[in-house]
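The structure appears below as structure tokens.
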Amino acid sequence: MAVGSRRPVTRLWHRHKSRIVRRLLARSSKLEELKGKSLRGAFAKLCGQGVSFVLRLGFVAVMARLLEPTDFGLVAMVTVVTGFFDLFATAGLSAATVQKADISDEYVSTLFWVNVGVGVALGVLCVIIAPFLVVFYQEPRLLSVTAALAAGFLFNASGVQHLALLQRSLRYGVLSVIETVAQLAGVATGLGMAFCGFGYWALVGSALIQPATMTLLMWLSTSWRPGKPGRLSDVRSMLRFGATITFNNLVVHLAYNFDKLMIGRYLGADALGIYGRGYQLINIPNSTLLSAVGGVAFSALSRLQGDPVRCRAYFLKGYTLVNSLTLPTTMFCATFADEIITVVLGHKWHAVTPIFRLLAPTILVFGIINPTGWFLQSTGLQGRSLKMAYAIAVLVCLAVIIGLPYGANGVALAVSAAMTVWVVPHIFWCAKGTLLSPFDLFAAVWRPLLASIVATGAGLEAAFYLEPSLTPLLRLLVGGIVMGAVYACLLVFVLGQKQFYLDVLSALKPASPDRITDTAANLGASR
């Protein structure tokens, strides 16, 4: 009887085990698919941003030779304000669409019309505020420039939800193509107008054509079309999430543009043109890499918010990868600042070099702290992210006020000093009460940071021995090869990161059924 009683239990166990294995297989398949789509999306986005980097750099280089610093300063005076308004164009609702686990067409349609309404309101507000900008800066040409740039708000708002749907489905290959084509349209417009002698209007034309083209292409690339809006009460939680994200972006924007506002007001358009070129140029590699990975990371982490352990693991891998790219790139730019300014902007922009170099620590800090926002916002901790933004804003604004009497160089130095002091408190605050620990984040940073410092030393040594007669471009190429080789060898072989990067490369391939089955079998055995 004892032996016979085991048979039904055994059959029941085998049936139960079979269901477990099938569930594990399905779950493993989804995780493998998410991991693969995330990494392939990040790779596609990175390639697109690589093209974007070349286009932006080329556009800046050519326009710097066709226009005067005052032209850039005039547009920068307006974009400090329009960039502030532009934060409200999305109302944070693209992030809300991506972050929400389940969403209907009616919800998206409601959010679309909210975005359009906000875009129209901001365009009108931009026109109304134009005379006040003229009085504030004492520059009459700003009236027409501000009014023209107002049209950009409607272009951006009309494509917010289409962008969110592409991001939600991780269609970053399509999105990268759209962004590249739109940027090409903007670059072609700007260069054409500059060659025809339109001056600062070439920058305005480029700034309008790019978002218009991008919105048109996103509409053509998605099958979704907006319908009648539903009740706002149905999307109240998404509006609340979007409002928090928007306010977060608003505070950060104010903090990171307060320096430009004060320099333009008290030091003039020429000083702002110099400072703005330095800030933009040193920030291009960092912003390119972060924007390439950031959207993909937020989408993937939002899909994993119900699985905290895997969400933590995915974030730390992405965080390590991002820092392994941003840290050496920024240090290379600081090391060869003279050569970069000469090659990209030309000899008449030599005053940009000290600004460029003094802002390098700020950009390093951005690479370390900005990715933490992906984790906080995707896991529903957007309130903490907003409080951290408040602290950064106060710190940066105080630094600008302290540095302003010493000119643009003093502002750059003061901001970099303040951001460097902020790194450690930021990491501890971010990790508090989550599955992350500060030591997790430090562990993800220290290897690429150490390798970057050693590679920078090698780059400085190479620069010392390079013949002064060599062209700046050749010095850049030789220095880049030396730093890149030292960095890669140290990180991969000495610091033991070889397997990490091999895993990243293998994940770029589509997951095979055999690999998924093996993973599920291993999970079943471990149960």
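Values below: every heavy atom of this structure, side chains too, minus hydrogens, waters and symmetry copies.
- Under the 4.5 Å side-chain criterion, counting only non-hydrogen atoms from C-beta, P226 is in contact with W219.
- For the pair R141 and L74, the minimum side-chain heavy-atom distance is below 4.5 Å.
- What you find for A391 and W429 is that their closest heavy atoms are CB-CZ3, 4.0 Å.
- Cation-pi contact between R265 and Y137: absent, since separation from the ring centre below 6.0 Å together with deviation from the ring axis within 45° is not met.
- Not counting sequence neighbours, the partners of S324 by the side-chain hydrogen bond (donor to acceptor under 3.5 Å, both in side chains) test are Y501.
- Atom NZ of K387 is separated from atom CD1 of I392 by 15.0 Å, given to the nearest 0.5 angstrom.
- Applying the side-chain hydrogen bond (donor to acceptor under 3.5 Å, both in side chains) rule to N323 yields no partners; only residues at least two apart in sequence or on another chain are considered.
- Looking only at distances, no side-chain donor or acceptor of T326 sits under 3.5 Å from a matching main-chain atom of N286.
- For M63 against A202, the heavy-atom pair with the smallest separation is CE-CB, 3.7 Å.
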How far apart are the C-alpha atoms of L281 and I341, what are their side-chain angles, what is the distance that settles it, and do they pass the side chain to side chain contact (heavy atoms under 4.5 Å, CB included) test?
CA-CA 9 Å; L281 196 57; I341 298 301; 3.6 Å; yes
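- Summarising the geometry, atom CG belonging to L436 is positioned 6.0 Å from atom SG belonging to C430; distances are rounded to the nearest 0.5 Å.
- With contacts defined as side-chain heavy-atom distances shorter than 4.5 Å, the pair V145/W201 qualifies.
- Taking both residues in full, the closest heavy atoms of L395 and A418 are given as CD2-O, 3.3 Å, listed atom of the first, atom of the second, then distance.
- The line from CG of N156 to CD of Q210 is 9.5 Å long, rounded to the nearest 0.5 Å.
- The environment of W113 atom CH2 is sparse: at most 12 non-hydrogen atoms of other residues, nucleotides or ligands sit within 6.0 angstrom.
- With contacts defined as side-chain heavy-atom distances shorter than 4.5 Å, the pair L149/V204 qualifies.
- Contact record, A150 with C126: CB-CB, 3.8 Å, taken as the closest heavy-atom pair.
- Between T434 and R384, the closest side-chain pair of non-hydrogen atoms falls below 4.5 Å.
- Distance check, rounded to the nearest 0.5 Å: CG of L203 to CG of L208 gives 11.0 Å.
- Here L398 contributes atom CG and F258 contributes atom CZ; the two are 9.0 Å apart, rounded to the nearest 0.5 Å.
- In this structure the side chain of V400 reaches within 4.5 angstrom of the side chain of V415, judged on heavy atoms.
- If you take CD1 on I129 and CG on L143, they are separated by 12.5 Å, rounding to the nearest 0.5 Å.
- Closest approach of F356 to G278, counting heavy atoms only: CD1-O, 3.9 Å.
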Pairs of donor and acceptor atoms involving the side chains of residues 357-373, under 3.5 Å and at least two apart or interchain, shall be tabulated with distances.
| from | atom 1 | to | atom 2 | distance (Å) |
| --- | --- | --- | --- | --- |
| R357 | NE | A334 | O | 3.1 |
| R357 | NH2 | D338 | OD2 | 3.4 |
| T362 | OG1 | S416 | N | 3.4 |
| T362 | OG1 | S416 | OG | 2.8 |
| T372 | OG1 | I369 | O | 2.5 |
| T372 | OG1 | H426 | NE2 | 2.9 |

Report the C-alpha separation of F153 and T82 in whole Å, then their side-chain angles, then the decisive distance to 0.1 Å, and conclude whether the side chain to side chain contact (heavy atoms under 4.5 Å, CB included) test is met.
CA-CA 9 Å; F153 293 111; T82 57; 4.1 Å; yes
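- A heavy-atom distance below 4.5 Å is not found between the side chains of Q183 and F59.
- Geometric assessment of K260 against the ring of Y279 yields a positive cation-pi assignment under the 6.0 Å and 45° thresholds.
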Could you go through the side chain to side chain contact (heavy atoms under 4.5 Å, CB included) check for Y256 and M419 one step at a time?
CA-CA 11 Å; Y256 293 159; M419 294 305 297; 3.9 Å; yes
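- In this structure the side chain of W349 never reaches within 4.5 angstrom of the side chain of R65, judged on heavy atoms.
- Across every non-hydrogen atom of I274 and V352, the tightest pair is O-CG2, 3.7 Å.
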